[in-house]
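Source: prediction; values computed, not measured. Note that ligands are numbered from 1 as they come in the structure, with each ligand's atoms numbered from 1 the same way. Residue indices begin at 1 and follow the sequence shown.
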Amino acid sequence: MDAYFKKLSQPFFARAGVRERVDVRIGAALDQIKGMVRDNEQPFDLIFIDADKTGYHDYYETIIGSGLLAKGGVLLVDNTLYKGLPFTPDLDKASPELLGRLQINQEYGTALRKFNQHVAQDQRVEASILPIRDGVTWIVQRQEK
Ligand SMILES: C[S@@+](CC[C@H](N)C(=O)[O-])C[C@H]1O[C@@H](n2cnc3c(N)ncnc32)[C@H](O)[C@@H]1O
């Protein structure tokens, strides 16, 4: 995450009584995730992805099958309905002026469409998009038999 969030978040973690238990890491998310995998860190019961939408595919591919998600753990991915864009036909023909006025990032829409398709056909996981606000995908890894 961004460096300034570390300072910003500390008083809130303290008020919640979890300051000693929260480990804030600064840096590019993909580097951080790869570092955790490389260092064989303890698996997480819950991982939440909510950064740059164009990076989701790489975050997902680095996490799934790496051992970073605990057995029975859940991977949540935010914004997977992204204002409806991943499911909007002819997205590439939309007027840039209109998209700008609606504060819609077309690149994110395209990336999320590909990401959703990728997850839907991935036999390693079971996944559902929950239609909560901007869409949250709930992903669990299938256990090897
Ligand atoms: C939509 S905000 C969500 C933050 C948090 N989940 C929340 O709800 O408050 C996305 C955050 O991801 C950070 N971010 C975007 N791309 C990133 C990257 N490649 N590496 C690390 N952080 C990134 C942004 O700086 C921003 O703080």
Side-chain angles (χ1 to χ4, degrees), residues 1-92 94-122 124-142:
M1 66 164 55
D2 283 344
Y4 87 94
F5 272 121
K6 184 162 189 168
K7 193 167 173 210
L8 181 83
S9 60
Q10 293 309 313
F12 296 98
F13 293 143
R15 267 168 54 191
V18 296
R19 192 173 176 159
E20 306 309 317
R21 292 164 54 194
V22 179
D23 179 6
V24 178
R25 303 194 189 186
I26 304 301
L30 190 58
D31 294 343
Q32 294 290 332
I33 299 169
K34 283 184 173 170
M36 290 178 195
V37 173
R38 186 193 55 234
D39 297 342
N40 210 11
E41 291 202 19
Q42 195 177 350
F44 292 88
D45 294 324
L46 179 71
I47 298 177
F48 182 54
I49 299 178
D50 183 21
D52 51 326
K53 315 308 163 196
T54 45
Y56 276 19
H57 177 273
D58 288 347
Y59 302 146
Y60 174 85
E61 278 303 317
T62 309
I63 292 166
I64 295 298
S66 70
L68 201 57
L69 195 59
K71 197 172 177 183
V74 176
L75 172 61
L76 294 177
V77 186
D78 203 16
N79 308 108
T80 45
L81 291 177
Y82 190 60
K83 308 178 194 214
L85 256 72
F87 302 94
T88 303
D90 296 331
L91 179 57
D92 50 335
S95 133
E97 189 273 326
L98 175 66
L99 293 172
R101 219 164 357 110
L102 297 174
Q103 295 187 305
I104 285 174
N105 182 326
Q106 194 174 21
E107 197 187 359
Y108 278 8
T110 305
L112 288 163
R113 174 187 297 180
K114 287 185 187 158
F115 176 76
N116 290 340
Q117 289 169 346
H118 180 63
V119 174
Q121 57 78 45
D122 188 349
R124 298 172 297 173
V125 301
E126 290 186 39
S128 297
I129 298 180
L130 310 176
I132 300 167
R133 297 241 5 214
D134 210 19
V136 177
T137 301
W138 171 285
I139 300 168
V140 291
Q141 287 184 106
R142 290 183 206 273

Practice problem: Apply side-chain hydrogen bond (donor to acceptor under 3.5 Å, both in side chains) to Asp122 and list each qualifying residue two or more places apart in sequence or on a separate chain. | Solution: Tyr60, Arg124
Using a cut-off of under 3.5 Å, which N/O atoms of ligand 1 pair up with protein N/O atoms, and what distance separates each pair?
| residue | atom | partner | partner atom | Å |
| --- | --- | --- | --- | --- |
| ligand 1 | 6 (N) | Asp50 | OD2 | 2.8 |
| ligand 1 | 16 (N) | Asp52 | N | 3.4 |
| ligand 1 | 16 (N) | Asp52 | OD1 | 3.2 |
| ligand 1 | 19 (N) | Asp52 | OD1 | 3.4 |
| ligand 1 | 19 (N) | Tyr59 | OH | 3.3 |
| ligand 1 | 20 (N) | Ala29 | N | 2.8 |
| ligand 1 | 25 (O) | Asp2 | OD1 | 3.4 |
| ligand 1 | 25 (O) | Asp2 | OD2 | 2.8 |

Quiz item: With sequence neighbours left out, what residues match Arg142 under salt bridge (Lys or Arg N to Asp or Glu O under 4.0 Å)?
Solution: Glu126
Quiz item: Can you name the closest pair of heavy atoms from Thr62 and Asp58 and give their distance?
Solution: OG1-O, 2.6 Å
Quiz prompt | Nearest atoms (heavy-atom pairs only) where Asn79 meets Leu112 | solution = O-CD1, 3.3 Å
Exercise. Quick one: do Tyr59 and Asp52 satisfy side chain to side chain donor-acceptor pair (under 3.5 Å)? Show the steps, please.
Key: CA-CA 10 Å; Tyr59 302 146; Asp52 51 326; 2.4 Å; yes
Exercise. Check salt bridge (Lys or Arg N to Asp or Glu O under 4.0 Å) between Glu20 and all other residues, then give those that pass, not counting sequence neighbours.
Key: none
